[in-house]
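By convention in this document, chain letters (A, B, ...) are assigned in the order of the sequence lines, proteins followed by strands, and residues within each chain are numbered from 1. The figures that follow rest on heavy atoms only: side chains count, while hydrogens, waters and symmetry mates do not.
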Amino acid sequence: MSEVTTVKKKRVELLFAAFLFLVGIIVFVDASQLHVTYSQADVVGPKALPYAVSGILILSSIALAITVLRGNLAEGEEGEDVDLSQPSDWKVLLPLLAAFVINILLINTAGWVISGTILFFGSAVALGSRRYVLTALISIAMAFGTFYGFYLGLGIKLPAGILSGVL
Amino acid sequence: METLSLLMDGFASALTPINLLFALVGVILGTAVGVLPGIGPAMAVALLLPVTYGMETSSALIMFAGIYYGGMYGGSTTSILLNTPGESSTVITAIEGHKMAKNGRAAQALATAAIGSFVAGTIGTALLVGFAPIVVKFAVSLGAPSYFAIMVLALITVTAVLGASKIRGFAALGLGLAIGLVGMDPVSGQSRLTFGFAPLVDGLDIVVVAVAIFAIGEALWIAAHLRSNPSRTIPVGRPWMGKEDWKRSWKPWLRGTAYGFPFGALPAGGAEVPTFLSYVTEKKLSKHPEEFGHGAIEGVAGPEAANNASAAGTLTPMLALGLPTNATAAVMLAFLTMKGIQPGPLLFENEPALVWTLIASLFIGNTLLLLINLPLAPVWAKLLKIPRPFLYAGILFFATLGAFSVNMQTADLWLLLLIGILGFALRRFGLPILPLILGVIIGPMAEQQLRKSFQLSAGEISGLWSEPVAVTVYIIIAILLLVPLVLSILRKSRGGSSELTAGLAAGGMISEDELDKVDSQQPSSGRHSAEDDLDGKDK
């Protein structure tokens, strides 16, 4: 069984190597389409660095694929609150990303106070907060506080959205 | 004595009430982010970048410097009380520091860390005062070819010398350089990697990139692996030291400083090597070697001093050459560029007030840090009790707010999300963050110097090594890259080599350690097999 998960892990890491390879190709193609008129003042031109970068990306992606195939798998980054004994928890990540996207979609129409409240509340609940009332109160306070803090303290007007007459 | 009078002017402007206030805010924030898990000084400075748009440059920089030094103090508190070093530079502190705390000597461990940090930070800043003008004098005589060489050296060392895996380091560097390429090429006016999107022509906003990589990427990564029961903190009273502790601490402080400053000042020296060297030295010189591994105070005093002295050292190339060698310095440099200030050796000439106010504020910040850390350590330790959902929701919240408030464009938030997911992937696939962020920031600078070199030499490639400094630096780069390679090839030829590894080694993309791992054909480390077992049970 453990072999099966190792194979799975390898596959994910190979996908990442493929992603790096793809980025390298994109950088290469983009550079090759630049129009360069030779000039004495700029012998290197705009293409040189992109070509070098795509070289680094393509070579390292191939080398990465080889080491992964040979069994050298990645070690995730460690941290104070990080528990690496479990694989990534998508049940936390997906709602978190959803809260983030909802904020982007609502920030200009509904306004920061509403979208920010949703962002904080959604993230905290996704991360395991179960005291819903307290979480909601903190979320509203954070969104209101930053709205007025940015306006009064920094002179930055965050979008008020549908509450624009009220705030 | 010109330096001294400039420094005095610096003190005069750093001691104004408003700048003192910013220094205080900086050190408090810095200590807080150092103590809090998941936030480091680089993330804190990145999150504050948008707020500083309207601020005086010097005030903002004073605050950032306070955060930078404060993060070092706060970091030692967690490694001693929790045994969970948040940054690689405090890993060594945790070894003896946490043992001391377990033996009921947490107060002494915190005291020697804080006082040692103060001593080292103050001496280190004094060394900065002494050395930076010398480096500047030397640096103004350097031309574009030397700069290009030094920048390549900085990128190569963070990528190939530090860090566990060279391949992953180079991959991260490539991604960073690619991010740095996006936008209009300043020389030819051509758009690179913009794919026809108008907002990309100005390049990716460095604030958005820094916040995405440091804040969003980190928060997502921790969220996916959040510990269900955070580790227990050892309760502690007010830090203090007895006579014996002072006696055993002061020499390690000084030796640690001597290790830390030069390593910090090197392009990409970092704090890991000097803290480790300091630990080994203290273990050797100690009159109580038997205490090492069970809570020896020297093992906290030395590495903590080395850590702080290297922080001061890092500021030398940052201010004198415009070359950042760690993540926080990189973000601070991005801030200067954002403010329209050209970093580099001319900074001392063009902005003397700014530079010397900053340096004076380092002395002040260091003193403030000692004052707020010694009596208040128990209060700081309480920060660890913040419920994690609120902490990480807060990071996402402020990251979004900060990135949005720069241009008020939702496009920036989509970018934040995309690059944040990239930041998550970096952490998941073991790619180091430092080469990426330095690639973003140094990449465009290095390209500019490269093109300038060729302009000077009228297109002759020999222009690249037309200066003695450039030649020296290329030789150093060659040694750095070749020595591990030669060593591994020698070992292989003795032990009978497999074709593939030899070929890869010749390509120069694989580290010695990896070759060893690969050759022993062990599929993965112990951690992975434990994980595999767990997965297996789930099915």
inquiry  = More than 12 heavy atoms of other residues, nucleotides or ligands under 6.0 Å from OH of A/Y51: yes or no?
reply    = yes
key: CZ (A/R130) with more than 12 external heavy atoms under 6.0 Å   = yes
So which residue, [options], ends up with the most heavy-atom pairs under 4.5 Å with chain A?
options	result
B/I216, B/L173, B/I222, B/I421	B/I222
B/P186, B/S188, B/A425	B/S188
B/L193, B/L431, B/T194	B/L193
B/F424, B/F398, B/Y392	B/Y392
B/P389, B/G443, B/G439	B/P389
B/L391, B/I433, B/L181	B/L181

Considering only heavy atoms, which portion of [X] lies under 4.5 Å from any heavy atom of chain B: side chain, backbone, both, or neither?
X	result
A/S88	both
A/L97	side chain
A/F150	side chain
A/F100	side chain
A/K157	backbone
A/V125	neither
A/L96	side chain
A/D30	side chain
A/I58	neither
A/L93	side chain

Minimum-distance pair of heavy atoms, taken over all atoms of [X] and [Y]:
X	Y	result
A/I156	B/S405	CG2-CB, 4.2 Å
B/G430	A/A74	N-CB, 3.9 Å
B/Q190	A/L34	OE1-CD2, 3.5 Å
A/L57	B/A178	CD1-CB, 4.4 Å

Between [X] and chain A, with a heavy-atom cut-off of 4.5 Å, which part of the residue counts as in contact: side chain, backbone, both or neither?
X	value
B/L413	both
B/L36	backbone
B/L422	side chain
B/S457	neither

Measuring only between side-chain heavy atoms, which start at C-beta, is [X] closer than 4.5 Å to [Y]?
X	Y	value
B/F397	A/S123	no
B/W414	A/V101	yes
A/L158	B/L401	yes
A/P159	B/F404	yes
A/V12	B/R428	yes
B/L426	A/E77	no
B/F390	A/L134	yes
A/L20	B/F170	no

query = If you round to the nearest 0.5 Å, how far is CG of B/L416 from CD1 of A/I104?
reply = 7.5 Å
Taking every heavy-atom pair that is under 4.5 Å apart, which of [options] has the most such pairs with chain B?
options	result
A/S139, A/G153, A/A124	A/A124
A/V23, A/L49, A/V92	A/L49
A/P46, A/S129, A/A31	A/P46
A/S54, A/A143, A/P50	A/P50

message = Taking side-chain contact (heavy atoms from CB on, under 4.5 Å) as the criterion, tell me which of A/L106, A/N103, A/N108 meets it with B/T410.
response = A/N108
key: Under 3.5 Å: donor-acceptor pair, side chain of B/R388, backbone of A/D81   = no
message = Strictly below 4.0 Å, N to O, side chains only: are A/E13 and B/R168 in salt-bridge contact?
response = yes
task = Determine which residues belonging to residues 445-453 of chain B lie within contact range of chain A, meaning some heavy atom pair is under 4.5 Å apart, and list them by number or answer 'none'.
result = B/E447, B/L450, B/R451
